[in-house]
Amino acid sequence: MDYDFHKIQDKWQKYWDDNKTFAASDDFSKKKFYALVEFPYPSGQGLHVGHPRSYTALDIVARKRRLEGYNVLYPMGWDAFGLPAENYAIANHIHPRIITEKNIANFKRQLKSIGFSFDWDREVNTTDENYYKWTQWIFLKLFEKGLAYKQEMPINWCTSCKVGLANEEVVGGKCERCGGEVVQKRKSQWMLRITEYAQRLIDDLKDLDFIEKVKVSQVNWIGRSEGAEVDFVLAGTDRKITVYTTRPDTLFGATYMVLSPEHPLIDELSDKITNLDAVREYQTQAAKKSEFERTEMAKDKTGVVLHGIKAVNPVNGTEIPIWISDYVLMTYGTGAIMAVPAHDERDWDFAKKFGLPIIEVVAGAEKDVNEEAYTNVSSGVMVNSGFLTGLKVKDAIAKMIDYLEEKGIGKRKVNFKLRDWVFSRQRYWGEPIPLVWCEKCGWVPIPESELPLTLPEVEDFTPGDEGESPLSKATDWINTTCPHCGGPAKRETDTMPQWAGSSWYFLRYIDPHNNDALASEEKLNYWLPVDWYNGGMEHTTLHLLYSRFWHKFLYDIGVVKTPEPYAKRTSHGMILGENNEKMSKSRGNVVNPDDVVDQFGADTFRTYEMFIGAFDQSTPWSENGVRGCHKFMERVWNLQDMIIDDEGYRADFENAMHKTIKKVTDDIERMKFNTAIAAMMSLVNDLYKAGGVTRGELKTLLILLNPTAPHMTEEMWQNLGFGGYVHEAKWPEYDEDKTRDDEIEIVIQINGKIRGKLSVPAGLDRDALSKLALESEEGKAAVGDKNVVKVIAVPDKLVNIVVK
RNA sequence: GCUCGAGUGGCGGAACUGGCAGACGCCCGGGACUUAAAAUCCCGUGUCCCUUAAAGACGUACCGGUUCGAUUCCGGUCUCGAGCACCA
């Protein structure tokens with residue numbers, strides 16, 4: 001029989017579609033399994049071969065769970081707001097919706113051609129107004145609870161396009177589109193207080209089954225640090241400057257202070273500063289620098305000292321100078337630091353450049369502190385530090401904080417690197433922010449009954465000259481009345497970032513057509529949490545963190561009952577081009593999934609995607625590898641014509657069958673898809689060597705292979721008349737005893753080198769094994785006339801004879 | 001600079017808690033079938049020594065250590081990849 005994969009996959013894809021084979025049921029009595037993959041941005045390039053790596057992996061898990069009797073939810077949708085569609089709209093004067101719809105249709109066709117078992121009735125689209133109605137609803141709740149607020153923030157501004165840019169549009173300090181200069185411009189932006197959740201976002205990771213590197217990067221990104229805030233008094237006044245430090249132990253070594261150039265104190269004290277011109281000049285220069293320049297110039301410290309004022313070191317009364325420098329960031333801590341050049345590299349660089357004193361307060365360094373800063377916390381001992389002298393650093397930190405709190409000049413303080421989420425975009429293609437500005441009432445939310453607040457139709461998608469959102473041109477839409485006082489009001493013209501819609505989409509899949517709530521309570525309680533979520537490492541610190549934050553918020557207001565959205569998170573590696581470089585048009589190494597499916601079929605494509613290499617590692621594409629998998633498909637297909645007359649497992653295949661079931665079962669759970677497939681290949685090789693297969697053996701093989709190659713296994717199941725459909729079969733079980741061999745070949749080593757092999761019954765204990773080995777021909781030959789010093793026997797593995 | 005990951009045949013990769021390194025696939029070589037080729041099936045395939053085989057030696061980035069035994073554990077070095085990057 002010919003393996004006509006086109007015919008086979010068309011037939012079964014149609015069957016699954018028509019019969020809604022993979023629809024999740026809302027029968028709450030069943031045990032559930034919620035498998036989730038990151039929904040794609042439907043780009044104009046279509047599906048990349050990287051997408052199906054993740055989708056096939058969880059498709060295999062989902063299909064296996066169904067065979068194990070679970071009620072499985074495995075959904076798909078579209079993260080469809082975003083920049084490329086908007087840029088395309090600007091360039092071609094076409095509404096972004098049109099291009100988005102076209103791209104979605106293409107993506108959907110491609111996904112269907114690969115045979116994923118998605119429940120297409122639950123498809124969601126973030127740009128659908130019935131979807132973003134609930135994105136807006138969540139925003140209103142955040143606003144209501146004080147977690148959304150407006151603040152002036154610097155944005156990336158292209159001086160040539162006159163448009164605000166996302167960070168990913170700034171390449172090497174230039175505008176990605178026109179190459180123009182990018183500077184920082186201050187704009188009033190909506191912000192979300194994710195920092196309120198910082199501690200919980202760290203703490204709750206503990207109980208989650210996330211791969212370790214995801215946990216580590218989230219913790220690092222949130223960047224918790226413990227230290228103290230300390231007040232320094234301005235000499236001759238009672239005005240204080242508060243600094244944040246993680247090393248209060250080094251306070252005796254603080255020889256100067258540094259304020260960020262944006263620090264408000266500079267304005268306050270302007271009448272006291274005698275070199276105000278130089279200070280103003282430095283502030284202007286710093287403001288002009290882009291984020292890029294500020295970090296690029298990192299090594300070369302700059303700064304200006306404030307003449308006319310001094311600060312007093314609170315522990316020793318020394319008057320120290322105050323500087324401003326852009327190495328101190330206004331956005332972290334208090335925007336001011338105490339500088340301890342002996343024990344901080346940055347302060348050391350700065351002190352060296354400007355000739356400031358360096359005082360050692362922690363001893364134990366290999367080099368003199370005038371040569372290099374000594375920053376080791378674990379092994380130093382305090383010197384030149386008054387009441388701290390002689391203490392270890394750790395103890396000195398504790399004692400200093402106690403002292404500061406006692407004297408009322410400082411306190412213990414925890415800081416986070418994580419900053420609040422800039423939630424505004426001056427863009428058209430995003431969810432409108434459902435607030436209006438009223439001169440009398442301030443920012444007022446629109447009533448829930450008016451949701452969704454839909455995007456107005458506009459002619460022109462280009463931003464305004466000052467970087468306003470394109471929505472600012474929709475004057476009819478903007479001018480409205482205040483829901484609170486009824487007076488005239490204007491709508492917010494900023495839209496939400498792409499991260500908004502993806503922060504809660506997994507909830508909408510649970511009940512996608514609900515018009516009264518984002519999802520019904522009952523269904524949320526049944527399906528949550530997501531049991532297994534797979535996605536890229538690039539989403540670890542943004543999407544994954546944002547969605548955990550929103551979920552925790554929804555938990556706090558009682559919408560969901562689980563404090564965390566995802567029980568388990570795994571991550572796939574990248575698929576590279578054949579030349580081991582990242583796939584890209586310019587490198588000419590892009591593989592189009594359509595071509596592979598067309599030439600070799602969906603089953604081969606899926607199998608190869610899983611066989612390509614270790615799932616979590618990046619690995620190059622290989623067309624020869626695809627051919628190898630295709631050959632495997634054909635070899636399995638041809639087993640239909642090799643049936644030998646026997647129903648169950650043949651005696652000499654019993655062991656192999658049970659071993660294969662165990663291997664495939666375990667390996668799928670561990671995401672070792674490549675070795676699961678290798679095990680099935682080995683079994684097939686053995687069947688060929690044996691000259692045929694029994695119906696019982698083939699039946700088991702078809703079920704094991706079904707999650708990976710669903711089309712072919714359905715067809716064969718039907719051809720062979722096994723009854724019903726393979727997707728309704730029961731996942732095979734193995735008997736642990738039958739996976740073991742009766743006879744085992746053990747290795748005989750002399751002094752750790754292999755000198756022979758011996759076949760022995762399985763399960764022999766150490767003594768019996770040693771005896772057998774020493775008495776065996778192989779053993780005697782190996783020992784020869786040397787003295788046996790020691791014998792190490794490992795049951796079922798080896799005997800190592802140590803001789804002299 | 002910091003954090004994380006990785007380095008194994010010609011190539012992609014196996015090796016669960018230290019126990020036969022190289023499963024499985026690709027490439028390559030040989031054979032069967034065929035008028036022939038393709039496809040298919042079977043066999044071989046880490047390196048060195050060698051006509052071949054046996055036997056032996058070497059071999060998991062590099063140097064050292066622990067151990068009867070190390071791809072696996074420990075210390076150090078190098079290379080590559082990803083992310084973060086003046087966070088006081």
Side-chain angles (χ1 to χ4, degrees), chain A residues 211-217 219-221 223-225 227 243-247 250 258 260 294-301 325-329 331-340 343-347 349-350 375 415-419 537-538 540-541 573-574 576 578 580 582 607-608 611-614 616-629 631-632 634-635 638 663 666-667 670 672 674-685 688-689 691 745-754 756-757 789-803:
Chain A
I211 49 170
E212 200 52 32
K213 60 178 172 176
V214 167
K215 288 191 182 183
V216 168
S217 21
V219 168
N220 289 345
W221 183 262
R224 182 194 146 99
S225 75
V243 303
Y244 174 71
T245 178
T246 53
R247 297 290 304 275
T250 62
V258 187
S260 156
R294 233 166 123 154
T295 52
E296 267 308 279
M297 305 300 162
K299 281 107 222 162
D300 200 16
K301 298 277 182 292
S325 172
D326 62 7
Y327 85 91
V328 175
L329 309 174
T331 45
Y332 183 77
T334 62
I337 61 156
M338 65 175 205
V340 184
H343 305 291
D344 181 281
E345 276 171 36
R346 295 150 300 179
D347 297 345
D349 289 345
F350 193 84
T375 56
N415 262 323
F416 297 94
K417 282 194 224 175
L418 183 70
R419 302 190 197 161
M537 276 310 287
E538 69 276 19
T540 302
T541 50
M574 236 192 314
L576 306 168
E578 295 238 13
N580 233 316
K582 208 169 162 172
T607 306
Y608 179 65
F611 189 65
I612 189 167
D616 59 350
Q617 257 155 296
S618 62
T619 168
W621 186 263
S622 157
E623 184 159 331
N624 279 326
V626 180
R627 285 178 209 284
C629 288
K631 203 164 119 183
F632 172 56
E634 287 184 320
R635 277 165 75 83
N638 289 331
K663 181 85 179 143
D666 294 351
D667 281 357
R670 298 186 306 148
K672 297 266 186 182
N674 52 342
T675 49
I677 292 166
M680 291 187 276
M681 286 173 167
S682 277
L683 178 66
V684 170
N685 290 347
Y688 268 71
K689 274 176 204 144
E745 196 171 61
I746 63 151
V747 170
I748 298 180
Q749 294 183 338
I750 300 294
N751 293 343
K753 297 222 179 233
I754 294 151
K757 294 187 183 173
V789 179
K790 195 174 172 186
V791 179
I792 293 131
V794 182
D796 295 347
K797 292 267 196 244
L798 55 72
V799 176
N800 187 15
I801 304 167
V802 185
V803 299

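By convention in this document, chain letters (A, B, ...) are assigned in the order of the sequence lines, proteins followed by strands, and residues within each chain are numbered from 1.
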Answer yes or no: side-chain N or O of K301(A) and base N or O of C86(B) forming a donor-acceptor pair under 3.5 Å.
yes
Base of G19(B) paired with side chain of Q749(A) (donor-acceptor, under 3.5 Å):
yes
Give T619(A) one of three labels, base, sugar-phosphate or nothing, depending on what nucleic acid heavy atoms sit under 4.0 Å from its own.
sugar-phosphate
Students often get this wrong, so: under 4.0 angstrom with heavy atoms, is A336(A) touching a base, only sugar-phosphate, or nothing?
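No contact.
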Send over the distance from [X] [atom1] to [N] [atom2], rounded to a whole Å.
X	N	atom1	atom2	value
K215(A)	G83(B)	NZ	P	23 Å
N638(A)	A39(B)	CG	C1'	11 Å
D796(A)	C20(B)	CG	C1'	14 Å
F350(A)	C86(B)	CZ	C1'	12 Å

Nearest-neighbour nucleotide for the [X] side chain, [options] considered:
X	options	answer
K797(A)	C27(B), G19(B), G25(B)	G19(B)
N624(A)	A23(B), C27(B), C20(B)	C27(B)
N800(A)	G13(B), A15(B), G69(B)	G69(B)
N685(A)	A88(B), C4(B), C24(B)	C24(B)

Atom pair CD1 (I677(A)) and CZ (F632(A)), whose distance is rounded to the nearest 0.5 Å:
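CZ of F632(A) is found 7.5 Å from CD1 of I677(A).
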According to the Watson-Crick and G-U wobble definition with distances under 3.5 Å, which dot-bracket string, read 5' to 3', encodes RNA chain B, using [ ] for crossing pairs and | for pairs with another strand?
(((((((..(((......[....))).(((((.......))))).(((.......)))..(((((..]....))))))))))))....
Atom pairs and distances, donor-acceptor, side-chain atoms in residues 622-629 of chain A, under 3.5 Å, two or more places apart:
from: S622(A); atom 1: OG; to: N624(A); atom 2: N; distance (Å): 3.4
from: S622(A); atom 1: OG; to: G625(A); atom 2: N; distance (Å): 3.0
from: E623(A); atom 1: OE2; to: R627(A); atom 2: NH2; distance (Å): 2.8

Comparing A679(A) with T541(A), nearest RNA chain B nucleotide closer to 5' gives the residue A679(A)
